[in-house]
Enquirer: 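Handing you this structure, nothing more for now.
Predicted, not measured: the structure shown is a model, and the values here were computed from it.
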Amino acid sequence: SVRISLIQSAIKPQYKFVVNPLVKALYGFADKVVAVSEGIRQELIADFGLKKEKVITIENGYNMEEIWTQREEGLSNQQEELLSGKKIIATTGRLSRQKGQWHLIRAFSEVVKKVPNALLIIIGSGELENYLKDLSKSYGLEDRVYFTGHASNPYKYLKKADVFVLPSLYEGFPNALAEAVCMGLPCVATDFRTGARELLAPQMDLLGKEVQCVTETQYGILTPVCSGKIYEDAKEAISGMLTNEAKRELYGQKSKRRGEGLKIESVIDRWINVIEEA
């Protein structure tokens with residue numbers, strides 16, 4: 001089973017010199033190779049030489065009942081007070097380079113100029129936590145960016161969000177984005193292709209050129225992957241969602257429809273079929 005884009009992960013030495021050569025040498029002997037997204041499936045065939053009949057795609061599945069139960073867990077009085085009356089942007093993920101939260105903080109520093117009551121919630125923990133907190137302070141956002149730390153139940157925070165943003169540099173199949181879709185949140189994501197396109201823009205060419213500007217798609221909004229200090233597109237997409245209630249409502253409904261196809265029951269059946277046929 002391949003859970004992440006091996007091509008984009010090759011920026012890490014362990015992938016470039018160990019993992020990827022082993023994939024090329026050994027995966028051809030497997031009865032089946034299961035990719036977590038269609039983009040990864042196409043990479044395995046085009047870049048690693050696997051036979052297309054051996055490689056199939058099974059997206060991650062989600063327990064809707066559990067998500068909707070956990071989202072009803074209450075926040076503390078202090079948290080409720082902090083979030084009251086705010087336009088809330090939420091993101092979830094490990095605080096690491098791959099997830100690109102520093103780009104979101106920089107974009108958010110521009111968003112608050114247009115949406116003064118905006119609040120950014122960053123759900124997760126990781127090695128970049130101190131850096132991201134210092135970055136927020138450097139922009140004067142220490143009271144506008146709320147770090148939850150590790151959260152065993154992120155859904156109670158997502159319930160409060162007006163828009164979900166995923167600023168990742170690369171992914172396999174982004175669970176955080178999928179869970180936001182399942183909750184019916186309007187979503188903005190960087191166009192890292194192997195996962196985001198399939199969730200928000202399944203009609204787009206999965207291995208085609210990345211979007212070059214803010215692009216409204218079938219189920220959400222894609223922006224270019226941030227580079228350096230270029231975050232204008234993210235600022236535009238987020239501000240557009242926060243200031244347009246009709247657009248938020250439209251994309252919230254679109255997310256609910258997309259989430260119907262991510263139920264865990266159908267995914268379990270597909271895995272059973274693969275194991276029986278292998």
Side-chain angles (χ1 to χ4, degrees), residues 62-96 99-168 174-189 220 234-235 237-239 241-245 247-249 251-252 255-256 259:
Y62 301 88
N63 187 326
M64 300 295 189
E65 183 177 349
E66 182 178 347
I67 289 174
W68 284 86
T69 297
Q70 290 191 45
R71 75 190 292 272
E72 297 307 318
E73 180 183 326
L75 300 176
S76 68
N77 291 336
Q78 183 180 7
Q79 290 171 329
E80 288 285 1
E81 183 177 351
L82 175 67
L83 274 53
S84 179
K86 303 294 196 305
K87 291 288 188 183
I88 297 173
I89 304 156
T91 190
T92 306
R94 188 176 70 257
L95 307 187
S96 65
K99 303 299 182 179
Q101 291 100 344
W102 71 90
H103 293 305
L104 178 54
I105 291 171
R106 288 178 172 138
F108 180 67
S109 70
E110 296 295 322
V111 170
V112 295
K113 296 175 183 178
K114 191 170 184 179
V115 188
N117 65 334
L119 176 74
L120 172 60
I121 299 178
I122 297 180
I123 306 166
S125 60
E127 62 271 19
L128 292 187
E129 183 169 346
N130 289 334
Y131 166 73
L132 294 172
K133 288 181 176 178
D134 288 343
L135 181 65
S136 298
K137 290 178 181 178
S138 73
Y139 279 102
L141 298 172
E142 55 265 46
D143 296 327
R144 302 288 194 92
V145 181
Y146 176 49
F147 291 84
T148 70
H150 172 73
S152 57
N153 178 10
Y155 313 116
K156 63 182 180 180
Y157 298 107
L158 294 179
K159 178 184 177 183
K160 300 290 186 177
D162 293 285
V163 59
F164 180 86
V165 181
L166 192 75
S168 294
N175 285 313
L177 179 60
E179 289 171 346
V181 166
C182 289
M183 290 186 65
L185 287 174
C187 294
V188 175
K235 177 200 74 174
I238 296 167
S239 297
M241 278 286 201
L242 291 181
T243 58
N244 189 327
E245 184 176 353
K247 181 179 287 188
R248 291 200 307 276
E249 177 66 23
Y251 277 106
S255 281
K256 288 179 181 178

Enquirer: Who are the side chain to side chain contact (heavy atoms under 4.5 Å, CB included) partners of Leu242, not counting sequence neighbours?
Expert: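 Here the qualifying residues are Lys87, Ile89, Val111, Val115, Ala118, Asp162, Val163, Ile238.
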Enquirer: Check Tyr146 against Leu82 and note the closest heavy-atom contact, atom names and distance.
Expert: CG-CD2, 3.6 Å
Enquirer: How far apart are the closest heavy atoms of Trp68 and Cys182, and which atoms are they?
Expert: NE1-O, 3.6 Å
Enquirer: How would you list all residue pairs meeting side-chain hydrogen bond (donor to acceptor under 3.5 Å, both in side chains) that involve residues 110-120, not counting sequence neighbours?
Expert: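 Counting only pairs at least two positions apart or across chains, the side-chain hydrogen bond (donor to acceptor under 3.5 Å, both in side chains) contacts touching residues 110-120 are Glu110-Lys113.
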Enquirer: When rounded to the nearest 0.5 angstrom, what is the spacing between OG in Ser136 and CH2 in Trp102?
Expert: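 It comes to 13.5 Å.
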Enquirer: For Ala178 and Tyr62, which heavy atoms make the closest approach, and how far apart are they?
Expert: CB-OH, 3.3 Å
Enquirer: Considering residues at least two apart in sequence or located in another chain, which fulfil the salt bridge (Lys or Arg N to Asp or Glu O under 4.0 Å) criterion with Lys247?
Expert: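 By the salt bridge (Lys or Arg N to Asp or Glu O under 4.0 Å) rule, Lys247 matches Glu216.
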Enquirer: May I have all residue pairs that pass salt bridge (Lys or Arg N to Asp or Glu O under 4.0 Å) and include part of residues 130-144, sequence neighbours excluded?
Expert: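 The answer is Glu129-Lys133.
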Enquirer: Identify each donor-acceptor pair in which a side-chain atom of residues 150-161 lies under 3.5 Å from a protein atom, sequence neighbours left out, and give them as a table.
Expert:
from	atom 1	to	atom 2	distance (Å)
Asn153	OD1	Tyr155	N	3.1
Asn153	ND2	Gln70	O	2.8
Asn153	ND2	Glu73	OE1	2.9
Tyr155	OH	Glu179	OE2	3.1
Lys156	NZ	Glu73	OE2	3.1
Tyr157	OH	Gln79	NE2	3.1
Lys159	NZ	Glu72	OE1	2.9
Lys160	NZ	Glu80	OE1	3.2
Lys160	NZ	Glu80	OE2	3.4

Enquirer: State whether the number of non-hydrogen atoms from other residues, nucleotides or ligands found under 6.0 Å of Glu127 atom CD is greater than 12.
Expert: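 Yes.
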Enquirer: Of the non-hydrogen atoms in Thr148 and Gly124, which two are nearest, and what is the gap between them?
Expert: OG1-N, 3.7 Å
Enquirer: Can you name the residues that form a side chain to side chain contact (heavy atoms under 4.5 Å, CB included) with Pro167, not counting sequence neighbours?
Expert: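 If we apply the side chain to side chain contact (heavy atoms under 4.5 Å, CB included) test to Pro167, skipping adjacent residues, the hits are Thr91, Leu104.
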Enquirer: Can you name the residues that form a side chain to side chain donor-acceptor pair (under 3.5 Å) with Ser138, not counting sequence neighbours?
Expert: none
Enquirer: What is the distance from atom NZ of Lys99 to atom CD1 of Ile122, rounded to the nearest 0.5 Å?
Expert: 13.5 Å
Enquirer: Taking side chain to side chain donor-acceptor pair (under 3.5 Å) as the test, write out the residues that go with Arg71, two or more places apart.
Expert: none
Enquirer: Quick one: side chain to side chain donor-acceptor pair (under 3.5 Å) partners of Thr92, sequence neighbours excluded?
Expert: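 Checked Thr92 against side chain to side chain donor-acceptor pair (under 3.5 Å); zero matches.
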Enquirer: Could you grab the distance from atom CG of Leu95 to atom CG of Leu132, nearest 0.5 Å is fine?
Expert: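 Rounded to the nearest 0.5 Å, the CG-CG separation comes out at 5.5 Å.
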Enquirer: Can you name the nearest heavy-atom pair linking Gly93 to Gln101, along with the distance?
Expert: O-NE2, 3.6 Å
Enquirer: Kindly indicate whether the side chain of Leu166, heavy atoms from C-beta on, has any atom under 4.5 Å from the side chain of Cys187.
Expert: no
Enquirer: Do Ser84 and Glu81 have side chains that approach each other closer than 4.5 Å (heavy atoms only, starting at C-beta)?
Expert: no
Enquirer: Just so I know, are the side chains of Leu141 and Leu120 near enough to count as touching, which here means a heavy-atom distance under 4.5 Å?
Expert: no
Enquirer: For Ser255 and Leu185, which heavy atoms make the closest approach, and how far apart are they?
Expert: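 Scanning both residues completely, I find the closest heavy atoms to be OG-O, 2.7 Å.
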Enquirer: CD1/Ile88 to CZ/Phe164 distance, rounded to the nearest 0.5 angstrom?
Expert: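 Spacing of CD1 (Ile88) from CZ (Phe164) equals 14.0 Å.
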